[in-house]
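Please find one structure pasted underneath; my questions will follow.
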Amino acid sequence: MENYPSMRMSQLFTRTLRQAPAEAESEGHRLALRAGLIRQTAAGIYSYLPLGWRSYRKIEQIIREEMDAIGAQELSMPVLQPRERWEETGRWESFQPPLFKLRDRRGHSLCLGPTHEEVVTDLVRHHVRSYRDLPLLLYQIQTKFRDELRPRGGLLRAREFGMKDLYSFDATEDGLDESYHQVAKAYERIFDRCGLPWLAVEADSGPIGGKESLEFMLLGPAGDDEVVRCGQCGYAANREKARARKVHIAQGAPASLYEVSTPGVKTIAALAAFLGIPEHKTLKAVFYAADGRLIFAVIRGDLTINEVKLRNLLQCQELRLASDEEVKLAGLVAGSASPVGLTGIPIIADDSVADGNNFVAGGNRSDIHLVNVNYPRDFTAETLADIALARDGDGCPRCPGSLQITKGLEVGHVFKLGTLYSEPMRATFLDRNGHEQPVLMGCYGIGIGRLLAAAVEQNHDERGIIWPQAIAPYTIHLCALGVDNGNVHQAAEKLYTALRDSGHEVLFDDRLESPGVKFNDADLLGLPLRVVISPRTLSNDCVEVKRRRDKSSTSTSYGSLVQRLPEWLRS
RNA sequence: CGGGACGUAGCGCAGCUAGGCCAGCGCGCGGCGUUCGGGACGCCGAGGUCACGGGUUCGAAUCCCGUCGUCCCGACCA
């Protein structure tokens with residue numbers, strides 16, 4: 001047997017595939033399958049094969065080191081969690097769609113943990129008594145379960161996935177700020193060490209809740225999120241959170257209201273074309289059902305409603321577009337609906353409606369629109385707020401610059417939770433003055449499989465993966481050509497031993513395969529450094545060295561390889 | 001959950017519309033031989049409950065009904 005960090009390809013449990021399984025969509029997913037990193041077991045459920053698992057564990061280890069470095073303590077919490085704990089926070093119902101629920105033989109309800117706020121808060125309330133016990137950073141690397149409505153993109157959105165989750169507990173707001181800052185800094189080091197270019201962006205906190213939150217994104221076309229960035233001041237936010245300066249529409253004097261006949265005109269585009277006016281001179285009406293209650297949302301015609309902003313504003317669980325029946329039942333005329341003269345239905349208006357004037361809006365009668373609608377002269381909203389989706393080219397909310405939208409892939413998320421969980425679960429401590437206070441919490445996640453998938457997604461060429469060195473399954477691909485030649489065989493074995501003994505992680509292709517097969521597999525697997533030994537190199541007493549990301553190779557003398565390796569592996 | 005598609009060997013697919021000869025092809029896999037610096041070649045060979053259950057029929061991979069699984073598009077997320 002050989003020692004742990006190296007492997008012979010003739011022994012490796014896995015096989016490279018020439019053709020990717022049909023279920024793979026993205027290039028990264030195809031490569032992960034073809035290279036034999038993972039294999040799908042069921043929808044959104046994957047097995048890691050030895051190569052993939054090595055990378056996974058390297059990522060895990062980097063995370064572990066950085067968490068430990070900021071004084072966090074590792075523990076392990078159960079996957080199987082009792083219903084009662086989730087009822088304390090109300091999430092048994094509110095986390096609804098993705099929560100995996102089950103019953104034991106006595107009919108007792110349990111769930112498979114999608115996250116661990118409830119469990120960790122329970123632990124802390126039993127152990128923390130005093131401000132002297134704080135601050136506290138606890139983390140685990142644990143499998144999570146989420147019954148996603150639709151698993152997708154291989155490891156990118158799985159139903160079972162590995163995640164590092166850390167929770168911070170502080171006595172004061174300043175303390176929480178400090179913990180949050182510490183963890184965010186550690187995250188930066190983690191992604192740097194993994195060799196992945198990241199961007200931290202302001203984010204919405206979603207179902208985890210909380211007030212302040214940052215997402216760590218990898219930018220690139222494979223992303224399923226949209227990132228809004230200012231080229232000048234560095235403002236960056238998830239598009240669902242992003243604020244923007246709306247293009248200001250010049251004001252004229254408010255003119256008097258009148259009706260216009262608009263036969264068959266149902267959409268903003270049609271309305272603008274029919275009347276020969278720009279879309280930003282119209283008002284758009286959109287109807288939502290917020291926890292079953294009908295909402296009339298109004299926004300300037302050229303803008304789009306940001307449903308996340310709207311949901312946060314309404315503080316509702318469920319927000320969806322209202323059905324045709326619901327709209328009809330409320331007496332609204334789709335296509336000509338108007339906030340003017342509307343009663344009985346709450347109106348939520350984007351602040352853009354107060355910025356311009358003399359808009360064209362619906363007339364609440366089929367084929368009739370109103371001209372010169374002005375806010376607040378002709379209608380008022382229950383709430384006037386920013387509910388618009390930021391657009392490419394909009395103004396930066398912080399500086400005179402303008403915003404651009406790019407694709408991003410979320411690999412980490414940090415939240416300030418405050419007392420969102422400690423209050424309902426009564427996780428309290430006694431402060432300096434002997435007063436009982438709820439603990440201030442933060443929570444911080446990194447999806448490990450997702451990070452692995454993202455790394456492959458963003459580091460490949462047409463031949464295969466190009467691993468960042470820190471998370472490659474092995475660092476050196478030792479490729480022996482013509483191993484049936486006794487001299488080559490002997491020299492290659494010697495080299496393999498020498499490389500291992502000098503502490504390198506080597507994948508040794510000792511198979512009796514043709515050169516083409518070996519080179520193609522080496523490119524597919526994408527280890528950072530390829531070393532070729534063959535009758536040809538050996539006749540010159542050489543080996544050939546090539547970095548995966550480089551085009552060409554160089555030779556070095558057989559004897560000098562081990563000594564010279566650092567210059568190839570550096571950076 | 002709504003809309004669409006698919007399920008035939010480890011992987012990629014054909015056959016199904018107009019039921020019927022031994023269920024095929026490429027890759028991969030095993031043996032022998034010739035090759036050997038970018039997925040070599042020849043010969044021989046192994047491997048299939050045609051997703052599952054029911055039905056129609058003399059006869060079903062093929063037609064009908066049901067179930068399950070998988071993928072894609074939309075709303076949710078690390």
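Basis for what follows: all heavy atoms, side chains included, without hydrogens, waters or symmetry-related copies.
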When both distances are under 3.5 Å in a Watson-Crick or G-U wobble arrangement, the nucleotide paired with B:C6 is B:G69

Are A:R511 and A:D509 ion-paired here, with the side-chain N under 4.0 Å from a carboxylate O?
-> yes

If only side-chain N and O atoms of A:R18 are considered, is one of them under 4.0 Å from the OP1 or OP2 phosphate oxygen of B:G26?
-> no

Aromatic ring proximity, centroids under 6.0 angstrom, A:F287 and A:F296 = yes

Which residue lies toward the 5' end of RNA chain B, A:G44 or A:G447, if each is placed at its nearest nucleotide?
-> A:G44

Out of B:U70, B:C73, B:C29, which has the shortest distance to the side chain of A:Q40?
-> B:U70

Does B:C1 pair with anything, Watson-Crick or G-U wobble, both distances under 3.5 Å, and if so, with which nucleotide?
-> B:G74

Please state how far atom CD in A:E117 lies from atom P in B:C77, giving the value in whole angstrom units.
-> 13 Å

Against the side chain of A:D484, the closest entry in B:G39, B:C36, B:C11 is B:C36

Tell me which of A:E23 and A:A20 sits closer to the 5' end of RNA chain B, going by the nucleotide each one is nearest to.
-> A:A20

N-O pairing of A:K407 and A:D224 below 4.0 Å = no

Is it true that A:E202 and A:K241 make a salt bridge, defined as a side-chain N closer than 4.0 Å to a carboxylate O?
-> no

Check the distance between B:G37's P and A:R463's CZ and give it to me in whole angstrom.
-> 16 Å

Which base sits across from B:C43 as a Watson-Crick or G-U pair, both distances under 3.5 Å?
-> B:G31

Would you classify A:R530 as touching base, sugar-phosphate or nothing, given that sugar-phosphate means primed atoms plus P, OP1 and OP2, and contacts are heavy atoms under 4.0 Å?
-> base

Assigned partner base of B:U62, Watson-Crick or wobble definition, under 3.5 Å | none

Per A:R146 side chain, nearest of listed nucleotides B:C11, B:A40, B:C77 | B:C77

Decide, yes or no, whether a salt bridge links A:D386 with A:K309 under the criterion of side-chain N to carboxylate O below 4.0 Å.
-> yes

For nucleotides B:A46 and B:G2, find the distance between their P atoms and express it as a whole number of Å.
-> 48 Å

With C1' as the reference atom in both, quote the distance from B:G4 to B:G47 in angstrom, rounded to an integer.
-> 35 Å

Remember a base hit wins even if backbone is also touched, and classify A:G449 as base, sugar-phosphate or nothing at under 4.0 Å, heavy atoms.
-> nothing

A:P515 has a side chain; which of B:C36, B:G28, B:C76 sits nearest to it?
-> B:C36

For A:A22, report the nucleic acid contact type (base, sugar-phosphate, nothing); a contact means any heavy atom under 4.0 Å.
-> sugar-phosphate

Touch check for A:E307, heavy atoms < 4.0 angstrom, all strands: base, sugar-phosphate only, or nothing?
-> nothing

Identify each donor-acceptor pair in which a side-chain atom of residues 58-65 of chain A lies under 3.5 Å from a protein atom, sequence neighbours left out, and give them as a table.
unit_1: A:K58; atom_1: NZ; unit_2: A:A472; atom_2: O; d: 3.0
unit_1: A:K58; atom_1: NZ; unit_2: A:E505; atom_2: OE1; d: 2.6
unit_1: A:Q61; atom_1: OE1; unit_2: A:R64; atom_2: NH1; d: 3.4
unit_1: A:Q61; atom_1: NE2; unit_2: A:E65; atom_2: OE2; d: 3.4
unit_1: A:R64; atom_1: NE; unit_2: A:E74; atom_2: OE1; d: 2.9
unit_1: A:R64; atom_1: NE; unit_2: A:E74; atom_2: OE2; d: 3.4
unit_1: A:R64; atom_1: NH2; unit_2: A:E74; atom_2: OE2; d: 3.1
unit_1: A:E65; atom_1: OE1; unit_2: A:R193; atom_2: NH1; d: 3.1
unit_1: A:E65; atom_1: OE1; unit_2: A:R193; atom_2: NH2; d: 2.7

Between B:A75 and B:G48, how far apart are the C1' atoms? Round to whole Å, please.
-> 41 Å

C1' spacing across the pair B:C22 / B:A61, given as an integer number of angstrom = 15 Å

May I ask you to say what A:R311 touches in the nucleic acid, namely base, sugar-phosphate or nothing, with a heavy-atom cut-off under 4.0 Å?
-> sugar-phosphate

Quantified in whole Å, what is the P atom distance between nucleotide B:A9 and nucleotide B:G15?
-> 15 Å

Ignoring backbone atoms, establish whether A:S514 has a side-chain N or O less than 4.0 Å from OP1 or OP2 of B:A40.
-> yes

Whole-Å distance, A:E160 CD to B:A78 P, equals 18 Å

Could you tell me whether A:R548 and A:D461 make a salt bridge, using a distance below 4.0 angstrom between a side-chain N and a carboxylate O?
-> yes

For B:U70 and B:G26, measure between their P atoms and round to the nearest Å.
-> 31 Å

Side-chain donor/acceptor contact of A:E513 with base of B:G39 under 3.5 Å | no

Whole angstrom value for the distance that separates P of B:C71 from CD of A:E148 = 13 Å

For nucleotides B:A23 and B:G59, find the distance between their C1' atoms and express it as a whole number of Å.
-> 16 Å

Short side-chain N/O contact to B:C72 OP1/OP2 from A:R150, under 4.0 Å | yes

Does the ring of A:F161 meet both stacking tests against the six-membered base ring of B:A78: centre distance under 5.5 Å and plane angle under 30°?
-> yes

A:D521 near the nucleic acid: base, sugar-phosphate alone, or nothing, with a heavy-atom cut-off under 4.0 Å?
-> base

Can you tell me the distance, in whole Å, between the CZ atom of A:R157 and the C1' atom of B:C71?
-> 15 Å

Answer with base, sugar-phosphate or nothing: what part of the nucleic acid does A:N485 contact at a heavy-atom distance below 4.0 Å?
-> nothing

Does A:R152 put a side-chain nitrogen or oxygen below 4.0 Å from OP1 or OP2 of B:C77?
-> no

To the nearest Å, give me how far apart CG (A:L33) and C1' (B:C11) are.
-> 10 Å

Using a strict cut-off of less than 4.0 Å between a Lys/Arg side-chain nitrogen and an Asp/Glu carboxylate oxygen, indicate whether A:E493 and A:R8 qualify as a salt bridge.
-> yes

Provide the distance between the two P atoms, one in B:C6 and one in B:A51, to the nearest whole Å.
-> 13 Å

What is the distance from CD of A:E25 to C1' of B:A5, rounded to the nearest Å?
-> 13 Å

Over how many whole Å does the gap from A:Q19 atom CD to B:C29 atom C1' extend?
-> 15 Å

Would you mind classifying the nucleic acid contact of A:I446 as base, sugar-phosphate or nothing, using non-hydrogen atoms under 4.0 angstrom?
-> nothing

